[in-house]
Asker: 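Quick one: the structure is below, and I'll ask about it shortly.
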Amino acid sequence: MKKRGQIQSNVFMFVFILIIISLTLVFGYMYIKRLQDSQAQIEVENFKTKLKNDANSISAEYGSIIEKTYLLPAKYDKIIFADLKYKEDILESGSLDEYPLIKNSIENTDHNVYIISGNIIADSFNVDNLNMEKETPVITIPVRKGELKVKIHGKGDSFGILETAEEESVDEVCVPYCGGKECGDDGCGGICGSCSEDKYCSNGICISYCSGTDESCGITECVNCNEMDGCYESTYRDYYCSGTTCIYNEYIEDPRCEVCECDSGPCCDGCNFRAQTFVCDENYDIEYGCPWGMSCGKNVGKQTLQKYCSGISSSCDGATLGKGDWTIADECVDTEKCYVGECIFDETCKISECVPGETMPCNNADEGNCAGTKSCDSEGKWGSCITNACYSSFWDTWICNNEYCCHDIASEKKHHYATDCHHDCIDTVKCVNGEFAEIAQPCPANMCCDGCECVVCKPYEVWMAPIYVDNAGNPMSEDYLNLFYEEERWEDARGYVDVFQFYDLNFWYNYFSNKQVNDMVTKLNEWDINIALESGAVKDWGCTAEITYQVTANAINEIKRNGGKVKYISMDEPYYAGVQWCNLNRDQTLDQVVDYVNKIKKLDNTILVGSIEPYPAFTKEELKAWIVGFRQKAGYELPFFHIDVDRNRRDFKMKDVKELKEFCEDRGIDFGVIFIDNSWSATTDKEFYDSTMYWANSVISEMGKPKNIIIQTWSSKPDYNLPDNSGHSFTHLIRDFSITFGLI
């Protein structure tokens, strides 16, 4: 028979062993749980990385769709994708009312992908360039047996998400089961219950919201959450306790996590490269030039140059631009011209002295072999013979230049002042004593007709394309019309401009009065500046030539009624509009483009119709195929091809632009680059000016001047077009651009 002391000792030993076993099970469970949580976190991070890589890969492949399967921990039951472009629509729609934390995150962060367990956010992050349809800006895709199946749709420069079709099952019947759950999924798409606003659902149990350390949560099983806080790329992970698990619900931008680009240098702020607009050398150099023109008596100017940062380096190696206004460096007398920054004697500036009232016959030594006389004016200067030149019945005026009288034969309707290589001087005839005589020969192939003279062809053309109002009628510049009523305020800049480009929709919506059109056309004719239209051959508002031609024809006819002549039509990205908005492939889009061009040619066969297209939204090979495709369908080459470059894209390469330039040149196509600010980023006129000049320096320094230089804006900057000698107006940009890059 055992004694009482022995019994008590055995009981104590039994209890002690039981405690040891319990502790072993508890800590073993906690250890296994931590391993499981760690493995789950690894799977989540792998999912994020793979999704971002797949999205980035497919984005550039317009129209492509890939189906992907991603592995996720089984405890997660759905993924929600939200396009934040439609943030207000999402918040107001009620589609996420059961997920108040997601609504709060969408309102206050840039996260657009959410991993859901029950109805709480297990994790969230951002994927660049997510582009959903406006009708369905949010899509919820279930995670089935630890697998997420989605289709990723490439859209040229972004991607969309499509849910894969659910696998049908005829054998399995879903039976809802809650098993004592207070909330959450019943396993068949229903719910077992919902929690009050101050609680969230976790594994079927309603738990009070609690963030911070395990101490503040009061849950001893959630160990050392704060020790898991730390940097992830440039963000800080904010962990909190959820039941027995440490999780985080957002990434927080934190300077502690910032990876510095630099640590010193004039273009380094101690961590990051300074912007392209930052001046790193106020007095870099002195520039001498001819800012007031190069005619007789115009003075030499000087201007202080300042150096800007490039935005990609800590060195002071960006654009070099003028600082402030030009001042006089040297005064030229009446017999001198300003040329490359110095006064040069020019005998053409000499004026013969004469007696006021005296007359003399015009002869070969005086402005051409023209009939009539010239007179000495009250200042003792000889007048001109031009008004006594050969008479053109077609132009109803006297025309004379050098030893030729220029005459346009009315029946042939040939232009007597062709200024580029598309026309020869075949309408020029020699003139003797006012009578037409021997017909002059056409200009050689490498020469161009300029005022009835054969001259070396100008290697480039400067196109000027400001914007008046947008398509909704909103004013986009303060003084557009003043370009034609205050001509003295941009006399210097105008001397560099060869082409003025209008937008055809401005005529369609009658944003100009008939008098304004007449005034604009009259001035452009007077300045000998050609007229171009940017027009839509295929656009989101008109996917066929039948629609778009009407808009362009209206503008052509209105300009013609007011005495003008459209020389160029720039088709505004028809390839992109065709595949992006009109559900056409390349060949179908080309069919509409060729139909559009043929209609224009039927209206006026002398108009040159070229194309604008974006890069790298299309690759260089796709753009080459577009150019070749036009040749195959139309039977002739595009007369010109202009490229609109998105230089923010990671797949942008200057060598591709250079290769396209050489490709066009080999085919006899005039290649042009659009010079504008960086992706509508300018918020001031100065930012627009600086960004455009930086882009010009990048292009011209790496590939030389393109044949067509299109200085353009389609945004609300700059606010002002005038004047051309101060501020950062549009004409000031044209003048400084031309002087800086030698467009003489």
Side-chain angles (χ1 to χ4, degrees), residues 266 276-310 316-351 379 381 458-460 462 464 483 486-498 527 675 685-686 688-698 700-701 704-705 709 711 718 720-744:
Q276 300 169 2
T277 55
F278 185 84
V279 177
C280 48
D281 190 342
E282 286 277 359
N283 300 290
Y284 177 72
D285 200 358
I286 300 294
E287 175 188 18
Y288 294 88
C290 303
W292 302 289
M294 301 174 67
S295 56
C296 300
K298 294 293 185 180
N299 295 322
V300 175
K302 68 177 180 179
Q303 184 182 41
T304 301
L305 298 179
Q306 54 190 15
K307 195 77 168 175
Y308 288 76
C309 295
S310 64
C316 189
D317 57 359
T320 302
L321 304 175
K323 171 187 175 184
D325 295 335
W326 287 85
T327 59
I328 297 175
D330 190 10
E331 294 186 357
C332 299
V333 298
D334 290 343
T335 56
E336 293 177 325
K337 287 184 177 180
C338 177
Y339 181 72
V340 195
E342 60 178 320
C343 295
I344 302 293
F345 172 76
D346 192 319
E347 63 180 12
T348 62
C349 295
K350 295 174 64 178
I351 302 175
E379 297 181 358
K381 298 177 182 178
K458 187 175 180 180
Y460 46 79
V462 177
M464 172 184 180
L483 289 165
E486 299 177 11
E487 56 188 284
E488 71 282 354
R489 299 183 68 197
W490 65 296
E491 182 179 0
D492 292 338
R494 195 169 61 248
Y496 297 105
V497 176
D498 301 292
W527 299 329
F675 294 97
D685 288 5
K686 184 179 186 303
F688 184 94
Y689 176 103
D690 291 343
S691 178
T692 305
M693 289 292 281
Y694 179 81
W695 171 231
N697 184 66
S698 301
I700 295 173
S701 63
K705 302 183 188 79
I709 297 168
I711 304 175
Y720 294 96
N721 292 292
L722 300 169
D724 67 358
N725 61 355
S726 64
H728 294 87
S729 69
F730 194 67
T731 56
H732 190 196
L733 169 65
I734 292 174
R735 193 198 72 164
D736 286 4
F737 187 115
S738 303
I739 293 172
T740 300
F741 301 109
L743 306 183
I744 300 174

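What's counted below: heavy atoms across the whole structure, side chains too, no hydrogens, waters or symmetry copies.
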Asker: What residues form a side-chain contact (heavy atoms from CB on, under 4.5 Å) with R489, not counting sequence neighbours?
Answerer: E486, L722, P723
Asker: Run the salt bridge (Lys or Arg N to Asp or Glu O under 4.0 Å) test against E282 and tell me which residues pass, sequence neighbours left out.
Answerer: K323
Asker: A quick test of your reading: do over 12 heavy atoms of other residues, nucleotides or ligands sit less than 6.0 Å from CD of E491?
Answerer: no
Asker: What pairs meet the salt bridge (charged side-chain N to carboxylate O under 4.0 Å, His left out) rule with one or both residues in residues 723-741, with sequence neighbours excluded?
Answerer: none
Asker: How are the rings of Y689 and H732 set relative to one another: parallel (under 30°), tilted (30 to 60°) or perpendicular (over 60°)?
Answerer: tilted
Asker: Between the side chain of S701 and the main-chain N/O of S698, is any donor-acceptor distance below 3.5 Å?
Answerer: yes
Asker: Could you list the residues that satisfy side chain to side chain donor-acceptor pair (under 3.5 Å) with D317, not counting sequence neighbours?
Answerer: S310, S313
Asker: Which residues satisfy the ring pair (Phe, Tyr, Trp, His ring centres under 6.0 Å) test with W490, sequence neighbours excluded?
Answerer: W527
Asker: List in chain and number order the residues that pass side-chain contact (heavy atoms from CB on, under 4.5 Å) with E336, two or more places apart in sequence or in another chain; answer none if no residue qualifies.
Answerer: C332, V333, C343
Asker: With a sphere of 6.0 Å drawn around CZ of F278, does it hold more than 12 non-hydrogen atoms of other residues, nucleotides or ligands?
Answerer: yes
Asker: Minimum heavy-atom separation for D685 to P718, with atom names?
Answerer: OD1-CA, 3.0 Å
Asker: Show the numbers, then the answer: is there a side chain to side chain contact (heavy atoms under 4.5 Å, CB included) between K705 and I700?
Answerer: CA-CA 5 Å; K705 302 183 188 79; I700 295 173; 4.2 Å; yes
Asker: Please test T304 against I286 for side chain to side chain contact (heavy atoms under 4.5 Å, CB included), starting from the C-alpha separation and ending with a verdict.
Answerer: CA-CA 5 Å; T304 301; I286 300 294; 3.8 Å; yes
Asker: Taking side-chain contact (heavy atoms from CB on, under 4.5 Å) as the test, write out the residues that go with T740, two or more places apart.
Answerer: M693
Asker: By side-chain contact (heavy atoms from CB on, under 4.5 Å), which residues pair with Y284, not counting sequence neighbours?
Answerer: D281, K307, T320
Asker: Listed by chain and number, what are the salt bridge (Lys or Arg N to Asp or Glu O under 4.0 Å) partners of D690, not counting sequence neighbours?
Answerer: K686
Asker: State which residues pass salt bridge (Lys or Arg N to Asp or Glu O under 4.0 Å) with E487; sequence neighbours excluded, sorted by chain then number.
Answerer: K523
Asker: Could you pull out all residues at least two apart from F737 that satisfy ring pair (Phe, Tyr, Trp, His ring centres under 6.0 Å)?
Answerer: F675, F741
Asker: Mind checking side chain to side chain donor-acceptor pair (under 3.5 Å) for T692 and listing every partner two or more places apart, or none if nothing turns up?
Answerer: none
Asker: Testing V300, I344, D330 for side-chain contact (heavy atoms from CB on, under 4.5 Å) with C338, which one passes?
Answerer: V300
